[in-house]
Trainee: 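Have a look at this one before I ask anything.
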Amino acid sequence: MELRASASWARPQEGPADAEAERPGAGARRPEPGPGAEAERPEPGAGAGPGALQAAPFLRCLCLVGFLDLFGVSMVVPLLGLHVKSLGASPTVAGIAGSSYGILQLLSSTPVGCWSDVIGRRFSLLVCILCSALGYLILGVSTNMFLFVLARVSVGIFKHTLSISRAMLSDLVPEKERPLAIGQLNTASSVGFILGPVVGGYLSELDGGFCLTCFICFSVFILNAGLVWLCPWSEASIRSTRSGLRLGESRAPSGKTGRAGPEASPGPGLEGEEGAGARGPWAEGAAALQRLRSLVTSEMGDVLLVRLLMALAVMLYHSNFVLALEERFGVRPKVTGHLISSCSALGALAGLALGPLLRLYRHDCPRLLLHSSALTCLLLLLFATAPTAGAAAVPALLLAFSTAVGRTCITDLQLAAGGARAGGALIGLGQSVTAVGRVVAPLLSGVAQEFSPCGPPSLGAALALAAVSVMLLHRPRYGGDGSGRLKSE
């Protein structure tokens with residue numbers, strides 16, 4: 001009996017049909033066929049099944065939710081520094097208030113993800129949107145630091161719209177199509193992040209511009225909540241983690257999925273799910289955290305380590321981007337702003353390129369992550385050693401593409417390694433790991449800048465190289481069918 005983890009950085013060893021046949025629940029998309037029905041299809045998960053057709057309207061709705069979310073946020077965030085200064089806060093107090101958001105995101109991401117697993121995606125998404133809207137409304141009327149911090153606390157705890165949306169996507173779409181769906185959501189969100197600062201900058205020029213911008217952001221969030229409420233979500237198609245159902249599976253008593261034989265065996269840490277609906281929400285939340293702990297201590301540790309290293313690498317690069325271009329090449333902030341906008345637009349287009357890329361890689365998302373991370377490492381090194389501003393602009397533009405692809409791949413790999421039954425908790429855990437990077441990166445960037453303006457991107461290249469080394473080191477023990485389960489052979 002040999003145990004091996006099947007989520008990998010390596011290319012799959014089995015053919016597509018074999019991988020689909022081994023994946024838990026691969027034959028359960030239709031209640032009538034047997035467990036091997038999915039393996040008999042020429043192109044499993046290619047969108048021909050009822051699950052893909054059922055998920056299409058929800059995917060469009062979630063993309064609109066993601067667009068509105070970052071559109072509203074990006075109108076306000078660039079203006080926070082000016083508003084804090086207008087309140088008369090000292091730089092130290094402003095820094096502490098600003099860091100409160102990242103710390104609260106770090107502390108709340110995993111619990112909110114587990115909560116969405118227990119209580120349902122739609123309800124948790126509505127609560128998070130409405131509480132975030134309240135935070136931005138308070139921010140708009142804040143006339144002192146107490147109200148400012150209170151608003152940031154509310155937003156820091158409940159601003160998990162995109163995380164829950166990604167978890168919902170993992171429930172709605174087939175596993176093979178999940179990276180493309182997440183890429184489309186990221187693209188829609190990036191478009192909102194491009195347009196938001198333009199609108200916010202125009203509104204800030206008006207009398208009471210910050211208050212008006214916050215009120216418009218509040219209105220956008222209320223509109224988003226209405227969209228989530230009115231969208232025809234179907235409980236038959238949105239799998240409840242509490243009952244352990246996947247998309248298209250028939251419901252069975254006591255939380256059973258109707259799968260027989262080895263296909264019905266749960267993944268690591270998921271034993272004892274039957275009858276979970278009879279337990280209270282607190283017991284289910286504790287069980288979800290226990291499952292998450294078992295996943296982290298088993299096959300997901302290296303996945304989270306790679307996510308942390310790559311997050312630190314990219315954040316170090318962004319931490320002194322404007323300052324480095326000005327000190328090294330004398331580039332004016334206005335020109336740098338145009339470059340940043342171009343990078344954001346290219347990052348948004350990366351989501352559209354994921355489909356051809358996945359077909360080129362035969363839907364081998366781990367191998368695509370390995371190559372995109374290696375490319376990110378090389379581009380960071382080229383940016384740090386560029387002799388001219390033009391030579392630095394080329395890797396900066398390509399970095400927007402490689403990091404967007406890598407971000408989608410690491411999210412999909414995390415879900416594959418842990419299983420979609422705890423998708424909210426897994427994505428929340430990933431956000432917590434990213435939040436650690438947000439806290440640590442400014443400290444590392446400050447130390448690196450003491451030596452050279454090229455210090456942060458150079459350190460980022462070293463961390464990206466470490467992430468690639470981790471993937472290569474763990475490559476032999478992965479099988480690569482993307483199911484993310486420990487299997488007996």
Side-chain angles (χ1 to χ4, degrees), residues 61-87 89 94 97-105 108-109 112 124-166 185-231 337 340-341 344-345 348 431 435 438:
C61 187
L62 285 177
C63 286
L64 182 56
V65 169
F67 167 78
L68 291 174
D69 181 75
L70 281 193
F71 175 73
V73 170
S74 60
M75 285 195 301
V76 176
V77 170
L79 309 177
L80 289 178
L82 294 175
H83 182 63
V84 171
K85 184 179 180 181
S86 70
L87 295 177
S99 65
S100 63
Y101 176 82
I103 295 173
L104 287 170
Q105 286 275 293
S108 64
S109 294
V112 169
S124 57
L125 186 59
L126 277 172
V127 171
C128 286
I129 291 175
L130 291 175
C131 291
S132 298
L134 178 62
Y136 283 108
L137 182 62
I138 297 174
L139 184 64
V141 299
S142 59
T143 55
N144 53 60
M145 286 304 299
F146 173 77
L147 289 177
F148 179 86
V149 172
L150 180 63
R152 298 305 287 168
V153 166
S154 176
V155 175
I157 293 175
F158 291 103
K159 179 61 182 69
H160 299 288
T161 309
L162 291 179
S163 299
I164 298 176
S165 297
R166 292 187 185 103
L185 176 62
N186 290 341
T187 298
S189 304
S190 299
V191 172
F193 200 80
I194 294 170
L195 298 178
V198 178
V199 178
Y202 173 78
L203 293 174
S204 65
E205 298 292 329
L206 306 176
D207 291 335
F210 182 79
C211 180
L212 178 61
T213 304
C214 289
F215 181 76
I216 293 178
C217 178
F218 164 79
S219 302
V220 168
F221 271 71
I222 295 298
L223 176 63
N224 228 357
L227 178 64
V228 173
W229 177 260
L230 295 176
C231 193
I340 293 174
S341 297
S344 300
Q431 292 299 109
R438 290 194 187 102

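Note that the structure is a prediction, hence the values are computed from the model and not measured.
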Trainee: Do any pairs count as a salt bridge (charged side-chain N to carboxylate O under 4.0 Å, His left out) and have a residue in residues 70-81, sequence neighbours left out, and if so which ones?
Mentor: none
Trainee: Can you tell if the side chain of Leu162 reaches within under 4.5 Å of the side chain of Leu70, non-hydrogen atoms only?
Mentor: yes
Trainee: Hey, could you give me the CG/CG distance between Leu212 and Asp207, rounded to the nearest 0.5 Å?
Mentor: 10.5 Å
Trainee: Using the side chain to side chain donor-acceptor pair (under 3.5 Å) criterion, which residues pair with Thr187? Sequence neighbours excluded.
Mentor: none
Trainee: Roughly how far, to the nearest 0.5 Å, is the CG atom of Leu137 from the OG atom of Ser132?
Mentor: 12.5 Å
Trainee: Going by salt bridge (charged side-chain N to carboxylate O under 4.0 Å, His left out), name the pairs with one or both residues in residues 188-197, residues two or more places apart or in two chains.
Mentor: none
Trainee: Sequence neighbours excluded, which residues qualify as side-chain contact (heavy atoms from CB on, under 4.5 Å) partners of Cys211?
Mentor: none
Trainee: Nearest 0.5 angstrom please: Leu130 CG to Trp229 CH2, how far?
Mentor: 10.5 Å
Trainee: Find the distance between CD1 (Ile216) and CZ (Phe71) and round it off to the nearest 0.5 Å.
Mentor: 8.0 Å
Trainee: Residues in ring-ring contact (aromatic ring centres under 6.0 Å, His included) with Phe148, at least two apart?
Mentor: none
Trainee: Tell me, please, which residues at least two apart from Phe210 pass ring-ring contact (aromatic ring centres under 6.0 Å, His included).
Mentor: His83
Trainee: Where do Gly200 and Leu79 come nearest, in terms of heavy atoms and distance?
Mentor: O-CD1, 3.9 Å
Trainee: Tell me, please, which residues at least two apart from Cys217 pass side-chain contact (heavy atoms from CB on, under 4.5 Å).
Mentor: Met75, Val76, Tyr136, Phe221
Trainee: Please output the side-chain donor-acceptor pairs of residues 151-158 that fall under 3.5 Å, not counting sequence neighbours, one pair per line with the distance.
Mentor:
{"from": "Ser154", "atom 1": "OG", "to": "Cys131", "atom 2": "O", "distance (Å)": "3.0"}

Trainee: Going by side-chain contact (heavy atoms from CB on, under 4.5 Å), name the residues that satisfy it together with Thr161, two or more places apart in sequence or in a different chain.
Mentor: Val65, Asp69, Leu125, Ile129, Lys159, Ser165
Trainee: Please give me the minimum heavy-atom distance between Leu126 and Ala225, naming the atom from each residue.
Mentor: CD2-O, 3.3 Å
Trainee: If every non-hydrogen atom of Ser142 is compared with every non-hydrogen atom of Leu87, which pair is closest and at what distance?
Mentor: O-CD2, 4.0 Å
Trainee: Could you go through residues 189-199 and list every donor-acceptor pair under 3.5 Å that involves a side-chain atom there, pairing it with any protein atom two or more places apart or in another chain?
Mentor:
{"from": "Ser189", "atom 1": "OG", "to": "Leu185", "atom 2": "O", "distance (Å)": "2.9"}
{"from": "Ser190", "atom 1": "OG", "to": "Asn186", "atom 2": "O", "distance (Å)": "2.8"}

Trainee: Suppose we screen for side-chain contact (heavy atoms from CB on, under 4.5 Å). Which residues come up paired with Leu223, at least two apart in sequence or across chains?
Mentor: Leu68
Trainee: Cys214 and side-chain contact (heavy atoms from CB on, under 4.5 Å): which partner among Val141, Leu139, Leu203?
Mentor: Leu139
